[in-house]
> 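The structure under discussion is supplied below as structure tokens; questions concerning it will follow.
Order of appearance sets the numbers: ligands from 1, and atoms from 1 within every ligand. Keep in mind that the numbers below use all heavy atoms, side chains included, and drop hydrogens, waters and symmetry copies. None of these values were measured; they are calculated from a predicted model.
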Amino acid sequence: MIDQLWVATTNSGKLAEFRALLDGYGVGVHSPAELAVYSSPPETGDSFLANARIKAKALRALKADQWVIGEDSGLEVDGLGGLPGIHSARYAGDKASDPENVAKLLKMLKIRSPQNRRARFRALLVALSPQGEEFVFEGLLEGQISEVPKGQKGFGYDPVFIPEGEDKTLAELPPAFKNKVSHRAQALRQWAREQKIIPE
Ligand code: ITT
């Protein structure tokens with residue numbers, strides 16, 4: 001029976017989603033913010049998987065007896081050859097804010113691909129069991145990049161991401177909708193189903 005999960009993220013938006021997704025299933029979701037000694041490892045991998053693994057292992061070094069999850073995610077825009085991809089958090093520079101990243105994305109799309117605005121969010125999740133086994137899960141959310149940012153909910157690129165079949169951005173849609181369909185939700189639910197935390 002799993003009642004504690006440590007998620008190796010410093011992103012409060014992600015953490016809120018992990019907590020909402022496991023709410024009501026008896027799993028306490030913890031983050032490195034609770035630890036005095038943790039510092040985020042450099043994300044030196046060349047893939048989402050490599051970076052998710054780096055995060056999971058860094059936290060496991062401090063929480064070896066617990067379930068630990070590392071997650072790396074980002075936005076892949078077809079008209080930009082898959083960018084920003086693994087560089088999503090730092091697209092407009094090392095300390096870029098979400099609005100700065102969004103502004104750069106809209107600018108690049110205007111220059112390179114104003115017509116084809118197809119994009120997807122991808123999440124890779126590495127779960128390490130207390131026994132040290134590794135489990136890998138992936139989630140994808142297809143959609144389009146809007147012309148202008150809209151909405152206040154969520155984080156990151158949510159204000160410019162219109163999920164397939166919708167006409168509003170993720171930042172306008174209710175958080176419950178995002179948690180039903182998102183890349184992160186899909187990846188986490190696979191783990192939670194395998195571990196019998198949530199039903200099939
Ligand atoms: P951690 O590494 O501490 O988890 P981070 O924000 O740096 O936090 P990533 O390296 O995985 O996380 O970068 C993911 C970036 O991709 C994130 O900062 C957003 O800009 C974007 N992103 C990922 N999932 C998103 C989502 O659900 N909605 C909007 N933007 C998202």
> To the nearest 0.1 Å, how far is atom 31 (C) of ligand 1 from its closest protein heavy atom, and which atom is that?
Phe121 CE2, 3.5 Å

> Are Lys150 and Glu172 close enough for a salt bridge, meaning some N to O gap below 4.0 Å?
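A salt bridge is absent here (no side-chain N lies under 4.0 Å from a carboxylate O).
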
> Got a donor-acceptor contact below 3.5 angstrom from the Asn101 side chain to the Ala92 backbone?
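Looks like yes, one N/O pair under 3.5 Å.
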
> Is there a heavy atom of Gly154 sitting under 4.0 angstrom from any atom of ligand 1?
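In this structure, Gly154 fails to qualify as a contact of ligand 1 - no heavy atom is under 4.0 Å.
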
> Identify the closest protein heavy atom to atom 1 (P) of ligand 1: which residue and atom is it, and at what distance?
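That would be Thr9 OG1, 3.5 Å.
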
> Out of all atoms in ligand 1, which are within 4.0 Å of some heavy atom of Asp72? Include the element for each.
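Going through ligand 1 atom by atom, the ones under 4.0 Å from Asp72 are 9 (P), 10 (O), 11 (O).
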
> Run down the list Ser182, Gly156, Gly70 and name the one with the heavy atom closest to atom 19 (C) of ligand 1.
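Nearest option to atom 19 (C) of ligand 1, by heavy atoms: Gly156.
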
> Which option, Ser73, Ala89, Ser88, owns the non-hydrogen atom nearest atom 14 (C) of ligand 1?
Ser73

> Return the residue, atom name and 0.1 Å-rounded distance of the protein heavy atom closest to atom 27 (O) of ligand 1.
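The answer is Lys178 NZ, 2.7 Å.
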
> Which protein non-hydrogen atom lies closest to atom 8 (O) of ligand 1, naming both residue and atom, and how far is it?
Asn11 CB, 3.4 Å

> Salt-bridged, Lys55 to Glu71, with N to O below 4.0 Å?
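Between Glu71 and Lys55 there is no salt bridge, as every charged N stays at least 4.0 Å from the carboxylate O atoms.
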
> Charged N to carboxylate O below 4.0 Å: is that the case for Asp78 and Arg120?
yes

> Quick one: which ligand 1 atoms are inside 4.0 Å of a heavy atom on Lys55?
1 (P), 2 (O), 4 (O), 9 (P), 10 (O), 11 (O), 12 (O)

> Using a strict threshold of under 4.0 Å (side-chain N to carboxylate O), is an ion pair present between Arg118 and Glu142?
yes

> Apart from Trp67 itself, what residues make up its hydrophobic cluster when side-chain heavy atoms of I, L, V, M, F, W and Y under 4.5 Å apart count as a link, directly or indirectly?
Ile2, Leu5, Val7, Leu15, Phe18, Leu21, Leu22, Tyr25, Val27, Val29, Ile69, Leu125, Phe135, Phe137, Leu188, Trp191, Ile197, Ile198

> Got the closest protein heavy atom to atom 28 (N) of ligand 1, with its distance?
Asp158 OD1, 2.6 Å

> Give a yes or no on whether Val102 and Leu80 share a hydrophobic cluster (residues Ile, Leu, Val, Met, Phe, Trp, Tyr; joining criterion: side-chain heavy atoms under 4.5 Å apart).
yes

> State whether the shortest distance between N or O atoms of Arg90 and N or O atoms of ligand 1 falls below 3.5 angstrom.
no

> His183 vs Phe121 aromatic rings, parallel, tilted or perpendicular, using cut-offs 30° and 60°?
parallel

> So, Arg184 and Glu17, do they make that salt bridge, N to O below 4.0 Å?
yes

> Give the residue, atom name and distance (to 0.1 Å) of the protein heavy atom nearest atom 11 (O) of ligand 1.
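The protein heavy atom lying closest is Lys14 NZ, 2.8 Å.
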
> Closest non-hydrogen protein atom to atom 24 (N) of ligand 1, residue and atom name please, with distance?
Arg184 NH2, 2.8 Å

> Quick one: nearest non-hydrogen protein atom to atom 20 (O) of ligand 1, plus distance?
Tyr157 CE1, 3.2 Å

